[in-house]
Number of protein chains: 2
Amino acid sequence: MSIQLGCGVDTATLDRHSVVPLYYQIQQRLLEQIRSGALKAGEPVPSEQEIAARLGVSRMTARQAVKSLCHLGVAYSQRGKGTFVSGAKLEKNFRQVLSFSEEMEARGAQPRSRVLAFKRIHPNEQVAEALHLSPAEEIIFLRRVRIADSAPLCIEATHLPARLCPKLLENFEPSGSLYRVLGERYGLQVHMADEVAEASVATGAEAKLLRIRGRSPVFRFTRTAYLHNGQPIEFVKSTYRGDRCKVVNRLTRQLEIIS
Amino acid sequence: MSIQLGCGVDTATLDRHSVVPLYYQIQQRLLEQIRSGALKAGEPVPSEQEIAARLGVSRMTARQAVKSLCHLGVAYSQRGKGTFVSGAKLEKNFRQVLSFSEEMEARGAQPRSRVLAFKRIHPNEQVAEALHLSPAEEIIFLRRVRIADSAPLCIEATHLPARLCPKLLENFEPSGSLYRVLGERYGLQVHMADEVAEASVATGAEAKLLRIRGRSPVFRFTRTAYLHNGQPIEFVKSTYRGDRCKVVNRLTRQLEIIS
DNA sequence: AAGTGGTCTAGACCACTCG
DNA sequence: GAGTGGTCTAGACCACTTG
């Protein structure tokens, strides 16, 4: 057994009276070592037994910490061999559900908006189906040109079930962050979203709003966002300038397909 | 406590001598109930205690089964309340790393290829950087027009480190599935990939190969695939006809960002 | 107060890898 | 044979939710 392996894992003891779970304290400590370069890609993470012995926790707790690294994609386990740091870059955050405002902040750009419409209407067939509504139920409709760094980036048409966010027309300043208001004011937490992207060219009207030439390349997105329980909360159609936007994805190969 | 809750969970006993882990047998049984509609979206999954008691396993084993459902995105847990079936559709398989051949088979289409080039060359700067190679190290270069249902779908240029798959030129029939050969012949398992998609329009040469008009909308993909240990195994640049292709993604909102 | 999931323990046996 | 991760047990206390 290597004496060097655990370097740093036990420089400080765990706080057993903290509300922070032990496995999470251990996970954070390991992440810190990976970030700092003390543990490099391809190198083994301290074994579950070693962590358990050094930190005085049960092996199941140590295991939970190590497994959480695997779930984050930061490490991978090999039976009989050990658990190793993955070469995947930490900074490159795999794609998430981000609102426009969050995405701009993450990029360090200043999000702005020009509101084209903000009103209650009845949904068309596509919207009603996506939101699981009857055509009689009203929706909130919000259409905006989204601006980043003083130039138009996209046209975004958002549809929300009016029942889930009553008085949104009064409560929401439509140039701000919708997700923030939904979370703080209505307790609605977006959990995941299904998104379809298509490659297309701008119509004349779109080109005018986006300040590009007609028939320039654009992305067309159709996105449905869901709460934890699977209830649809938002349906968005948007058109992004092709010259100002890329779609970045991290794909995994889990052939444990649900079949 | 509801007597009805566990219906079906205990219709058959577990096979304790099987090589299949108990938690996995339980997970499969729960998945079957969700697929069959016995457990509907929003309904509670049997509690960990109930599963443990009914099936005669420890609570930790029952818990592992239930947590695995959450990791699959099929259910979600709420502290103090229970674990509930998510509304997310099972069939809609979230996006994975799939080779072209696999993707076509999943769609029920017949994949075909026209090989434009298949040779050893030295990488250019972009390829060398993506694959973490020195410019002196050779790569395998494969350029194909991919055909689905008798019409061109995309042009695909694949780059592989020659060192990792020696004699690929002899061992691989370039109209077949590359991933299959990499896995079966060389033991190289793709684990994840980073992908960038851009919206653009076809050049004249591309339009000819894809049998579309010049300046038609296309997707341009740049994909780097990695092994478990993070080592790059494949770099692909491809151009897809915009009229025959959509990018479907399932995004999650995990604000447990590694920061 | 009863039921739930979240965490934790201190053991155990297994299959696997490697020297 | 020593070390590893994978699985499993039979308990325990906690925070949380709901009637």
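All values below come from the heavy atoms of this structure, side chains included, with hydrogens, waters and symmetry mates left out. A note on names: the letters A, B, ... follow the listed sequences, proteins ahead of strands, and every chain is numbered from 1. Predicted, not measured: the structure shown is a model, and the values here were computed from it.
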Roughly how many Å is it from [atom1] in [X] to [atom2] in [N], rounded to a whole number?
X        : N       : atom1 : atom2 : result
Glu48(A) : dA2(D)  : CD    : P     : 20 Å
Arg16(B) : dA12(C) : CZ    : P     : 19 Å
Arg59(A) : dT7(D)  : CZ    : P     : 11 Å
His17(A) : dC14(D) : NE2   : P     : 12 Å
Ile51(A) : dC8(C)  : CD1   : C1'   : 16 Å
Leu14(A) : dT9(C)  : CG    : C1'   : 15 Å
Arg63(B) : dC14(D) : CZ    : C1'   : 13 Å
Met60(A) : dG6(D)  : CE    : C1'   : 10 Å

Tell me every residue that passes ring pair (Phe, Tyr, Trp, His ring centres under 6.0 Å) with [X], counting only those two or more places apart in sequence or in another chain.
X         : value
Phe141(A) : His159(A)
His122(B) : none
His17(B)  : none
Tyr23(A)  : none

Looking only at the side chain of Ser47(A) (C-beta and beyond, no hydrogens), which of the listed nucleotides dT7(D), dT4(D), dG5(C) gets closest? dT4(D)
Kindly point out which of dT7(C), dC8(D), dG5(C) is positioned nearest to the side chain of Thr83(B)?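 In terms of side-chain proximity for Thr83(B), the closest of dT7(C), dC8(D), dG5(C) is dG5(C).
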Base, sugar-phosphate alone, or nothing: which one does Val66(A) contact when heavy atoms must sit under 4.0 Å apart?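 No contact.
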Cationic N near anionic O, under 4.0 Å, Glu32(A) to Arg35(A):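 A salt bridge links Glu32(A) with Arg35(A).
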Could you check Thr158(B), Val236(B), Val190(B) and say which one makes a side chain to side chain contact (heavy atoms under 4.5 Å, CB included) with Leu178(B)? Thr158(B)
Think [X] has a side-chain N or O under 4.0 angstrom from the OP1 or OP2 of [N]?
X        : N      : value
Tyr23(A) : dC8(C) : no
Ser77(B) : dT4(C) : no
Gln49(B) : dG5(C) : yes

Salt bridge (Lys or Arg N to Asp or Glu O under 4.0 Å) pairs touching residues 57-78 of chain B, sequence neighbours excluded, are Glu48(B)-Arg59(B), Glu48(B)-Arg63(B)
Which pairs, protein N/O on one side and nucleotides 15-17 of chain D N/O on the other, fall under 3.5 Å?
residue	atom	partner	partner atom	Å
dA15(D)	O4'	Arg79(B)	NH2	3.4

